[in-house]
Structure formats: structure tokens, C-alpha cells
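For reference, the structure discussed in these notes is given below.
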Amino acid sequence: MTARDWGLAAAAGALLLDQATKLLMLYAFGFHNLLPGQAVSVLPFFNLVMVWNPGVSYGLFPAQGPAGTALLVVFSLAAVAGLGWWLWNARRPALAMGLGLVIGGALGNLIDRLVYGKVADFFHFYAMGYDWYVFNVADCAITFGVAALLYDALLRPETRAGGANGQAGAGDEIS
């Protein structure tokens with residue numbers, strides 16, 4: 001498999017897992033009938049909560065009304081298009097998989113925004129006075145995707161002068 005194939009698989013996997021969990025939570029477990037913020041206690045540090053998020057991942061930049069939602073849809077489509085172009089040209093598996101995870105997560109939340117006008121979030125962790133955002137699988141995919149992008153950017157080997165392509169690397173003198 002090429003790096004692109006790994007990235008496309010990551011995007012498809014993230015999107016499918018996100019949408020499957022949302023359908024399961026909303027309709028199989030009846031969360032669509034819960035009031036916003038209503039919780040089901042699962043473990044001493046974890047609840048399932050019904051939150052309709054009008055913003056992007058982890059509640060950032062909440063949309064105000066239909067115009068705000070439309071702006072987030074356009075932004076999401078532009079981001080997916082740009083990241084898709086980057087993925088199509090990616091040559092390293094970590095980079096491609098990171099891009100794929102971000103794309104899959106963005107598409108998962110975009111589908112919610114188009115269908116419901118908001119994004120469904122359910123998972124809430126808390127412990128010892130610390131309280132994390134309520135999130136969904138798409139948010140996890142975006143977070144892990146960004147971590148993979150950082151990993152690729154920080155830990156990949158630098159280009160060397162006269163490398164495989166015969167071009168000078170960054171910082172090399174050209175005479």
C-alpha cells in the first residue's frame with residue numbers, strides 16, 4: 001500500500017467509526033430523546049452526555065445562527081479540499097495517515113452539521129476535579145491526526161545535499 005492508500009483508509013475508517021457511533025448513540029441508545037446536557041453515568045470518571053455542539057472540535061468557534069453554520073460548512077469543505085490535495089501528494093505514511101484522520105474527522109462533523117445543524121458529542125471524562133470537553137470520535141480522529149502531523153514534522157529525517165533526487169537540502173550552499 002502507498003502512503004496515499006494508508007491516508008485514504010484512515011479517512012474512511014475515521015468517518016465510518018464516527019458516523020456509526022453517532023447513529024448508535026442517537027438512535028439505538030435513544031440519546032436523541034435526551035435533553036441537552038443530560039448524562040448517563042458509566043464509570044466514576046466517565047459519563048455519556050448529550051451535547052449538541054454548534055462549533056468546531058471541542059466547542060471552539062460556536063456558530064451563531066444559520067449564517068454561522070453556513071460559514072463553518074464552507075470552512076470545513078475548504079479545509080477538507082486543501083488537506084485532500086496534500087494527502088494526494090503525501091509520500092510518508094505518518095503524514096498521510098495524519099491527514100486522513102483529520103479529513104475523516106472533519107467530514108464526520110460536517111455531516112452532522114449538514115443533517116442536524118450542530119454536531120453530536122457524547123463522551124465526557126473527568127477525574128480529581130479536572131473536567132474535559134465533551135467530544136465524539138471525529139474529535140478524537142482530528143486530535144490524533146494532528147499529533148501524527150506533528151510527529152511527521154518533528155521527527156522525519158532532514159533532506160541532505162545530493163540526496164536521492166540530487167537537489168540541495170534546506171540550508172545547503174549552492175555554488
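Heavy atoms only: backbone and side chains are in, while hydrogens, waters and symmetry mates are out. Positions are given from 1 along the sequence.
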Determine, stepwise, if the pair Phe123 / Leu48 fulfils side chain to side chain contact (heavy atoms under 4.5 Å, CB included). CA-CA 5 Å; Phe123 308 120; Leu48 295 172; 3.6 Å; yes

Do Tyr126 and Leu43 share a hydrophobic cluster (ILVMFWY, side-chain heavy atoms under 4.5 Å, transitive)? no

Find out if a path of hydrophobic residues (ILVMFWY) with successive side-chain heavy-atom gaps under 4.5 Å connects Met97 to Leu16. no

For [X] and [Y], which heavy atoms make the closest approach, and how far apart are they?
{"X": "Ala96", "Y": "Ala3", "answer": "CB-O, 3.0 Å"}
{"X": "Gly145", "Y": "Leu101", "answer": "CA-CB, 3.7 Å"}
{"X": "Asn53", "Y": "Arg113", "answer": "O-NH1, 4.3 Å"}
{"X": "Ala11", "Y": "Ile103", "answer": "CB-CG2, 4.3 Å"}
{"X": "Val40", "Y": "Phe31", "answer": "CG2-CZ, 3.9 Å"}
{"X": "Ala14", "Y": "Ala141", "answer": "CB-CB, 3.7 Å"}

Decide if atom [atom1] of [X] counts as having more than 12 heavy atoms of other residues, nucleotides or ligands within a radius under 6.0 Å.
{"X": "Trp52", "atom1": "CH2", "result": "yes"}
{"X": "Tyr151", "atom1": "OH", "result": "no"}
{"X": "Trp132", "atom1": "CH2", "result": "yes"}

Is any side-chain heavy atom of Arg91 closer than 4.5 Å to one of Thr2? no

Side chains of Val137 and Lys22, heavy atoms from C-beta outward: is any pair under 4.5 Å? no

How many angstroms lie between atom [atom1] of [X] and atom [atom2] of [Y], to the nearest 0.5 angstrom?
{"X": "Trp6", "Y": "Leu8", "atom1": "CH2", "atom2": "CG", "value": "12.0 Å"}
{"X": "Leu83", "Y": "Ser76", "atom1": "CG", "atom2": "OG", "value": "10.5 Å"}
{"X": "Met50", "Y": "Leu35", "atom1": "CE", "atom2": "CG", "value": "11.0 Å"}

Any donor-acceptor pair under 3.5 Å linking the side chain of [X] with the backbone of [Y]?
{"X": "Asp152", "Y": "Leu149", "result": "no"}
{"X": "Asn136", "Y": "Ala138", "result": "yes"}
{"X": "His32", "Y": "Leu26", "result": "yes"}

Can Asn109 and Asp18 be said to form a side-chain hydrogen bond (donor to acceptor under 3.5 Å, both in side chains), step by step? CA-CA 8 Å; Asn109 283 342; Asp18 175 65; over 6 Å; no

